[in-house]
Each structure stands twice: as structure tokens, then as C-alpha cells.
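In what follows, a structure is listed as C-alpha cells, so that the remarks can point back to it.
In what follows, residues are counted from 1 in the order of the sequence shown. Keep in mind that the numbers below use all heavy atoms, side chains included, and drop hydrogens, waters and symmetry copies. As the structure lists them, so they are numbered: ligands from 1, and atoms in each ligand from 1.
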Amino acid sequence: MPDTIMPDATLRAATEQTTEHFDVLIVGAGISGVGAAYHLTKQCPGTSFVALEAQDTFGGTWITHRYPGIRSDSDLYTFGYRFKPWTSAPIATAAEILKYMGEVIDENGIARHIRYRHTISSAAW
Ligand SMILES: Cc1cc2nc3c(=O)[nH]c(=O)nc-3n(C[C@H](O)[C@H](O)[C@H](O)COP(=O)(O)OP(=O)(O)OC[C@H]3O[C@@H](n4cnc5c(N)ncnc54)[C@H](O)[C@@H]3O)c2cc1C
């Protein structure tokens, strides 16, 4: 018998996947995904949801663009969330935007809804 053949139980464990069901699937944890998570929490309590994020942290644009001096080009008073008014200088660095998003996640218990290093490869609904 070739040694590459796995015993039945090992083969089953390697191929079985757990299926989870959610009412809503959010693509990504950028400013949009985190905002969607916030609004689902506040406006649709009881709705189950998960945000799948391909990167290993939240931020989207503000984590994937890393060149020196990266900052917003419009004001954060309009870019920021209505539910958490921006109170610093109008033009913000990526680091400041990430800090702001981190506060939104922490203050609203959103972290438990985000799964990092998860890429959505297809969707049908
Ligand atoms: C340098 C720079 C400055 C900018 N300045 C401004 C500004 O001042 N004002 C303004 O309004 N806009 C600005 N933008 C545009 C900015 O990108 C958007 O406004 C905003 O950040 C986009 O947020 P988002 O959450 O929609 O998308 P993104 O930030 O792109 O986030 C999407 C997230 O989804 C994840 N994702 C995507 N596909 C999948 C998948 N299949 N599976 C799992 N995860 C996935 C990505 O990894 C990412 O984290 C700027 C952009 C850049 C690059």
C-alpha cells in the first residue's frame, strides 16, 4: 500500500468543513464594512452577521496603501461616520483614520463579528 493513502478517519477530518449560517454577510472591514456592522447592530438587533476580511486587520484602503504621507483628500467631517463625529483636523492621516475605526470597533463590540484572513471567493443569493 502506498504511504500516501490516508486512513478513512483522517481523510474525513481533512475534508469535512463546518457550515455556519448568517443572515447577512459583509464583504470586508474597511470603512464601509465597519459602518455596515455598526448599523446592523443598532438598527437590526437580532440579525446575525459576519464580516469576512481578506487582510489581517481592519481599515481597507487605509491599511493597504502604505506609502509615506498617505492621508485623506477630503474632510473627515463628511468622510467619518455620522454616529461618531470627527473632532480633529479635517484632513487626516491613514494612522488617524485607523485609530478612529479601531475606536468604533471597540466602542460597539464589532470585533467579534469580523473574521480576518477570510477571502470571499464567490457568492450567490
Ligand atoms: C490615498 C487615498 C486617499 C483617499 N481619500 C479619500 C477621501 O479623502 N475621501 C473619500 O471619500 N475617499 C477617499 N479615498 C477613497 C477610499 O478608498 C474610500 O472612500 C473608502 O476608504 C473605501 O472604503 P471601503 O470600505 O468601501 O473599501 P476599502 O477600503 O477598499 O475596503 C474594502 C475591504 O474589503 C476587503 N475585501 C474586498 N474583497 C474581499 C473579498 N472578496 N473577501 C474578503 N475581503 C474582501 C478588502 O481587503 C478591504 O479591506 C481615498 C483612497 C486612497 C487610496
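Closest heavy-atom approach to atom 53 (C) of ligand 1 among the candidates Thr61, Thr78, Leu52: Thr61. In this comparison of Tyr116, Trp62, Tyr67, the heavy atom closest to atom 50 (C) of ligand 1 sits on Trp62. In this structure, of Ala54, Gly28, Ala92, the residue bringing a heavy atom nearest to atom 34 (O) of ligand 1 is Gly28. When Asp73, Thr64, Thr119 are checked for heavy-atom proximity to atom 7 (C) of ligand 1, Asp73 turns out nearest.
Classification of the Tyr100-Trp86 ring pair by plane angle, with boundaries at 30° and 60°, yields perpendicular.
The atoms of ligand 1 that sit less than 4.0 Å from any heavy atom of Ser72 are 5 (N), 8 (O). Within the listing of ligand 1, atoms 20 (C), 21 (O), 23 (O), 25 (O) sit less than 4.0 angstrom from a heavy atom of Ile31. Proximity to Arg71 (heavy-atom distance under 4.0 Å) selects the following atoms of ligand 1: 3 (C).
Where the criterion is an N or O separation shorter than 3.5 Å, residue side chain and backbone included, Ala29 fails it with respect to ligand 1. The N/O atoms of His65, backbone and side chain alike, include none that comes under 3.5 Å of an N/O atom in ligand 1.
Checked against the 6.0 Å centroid criterion, the rings of Phe83 and Tyr38 qualify as a close aromatic pair.
Counting only N and O atoms by type, the side chains of Ser48 and Asp23 include a donor and acceptor under 3.5 Å apart.
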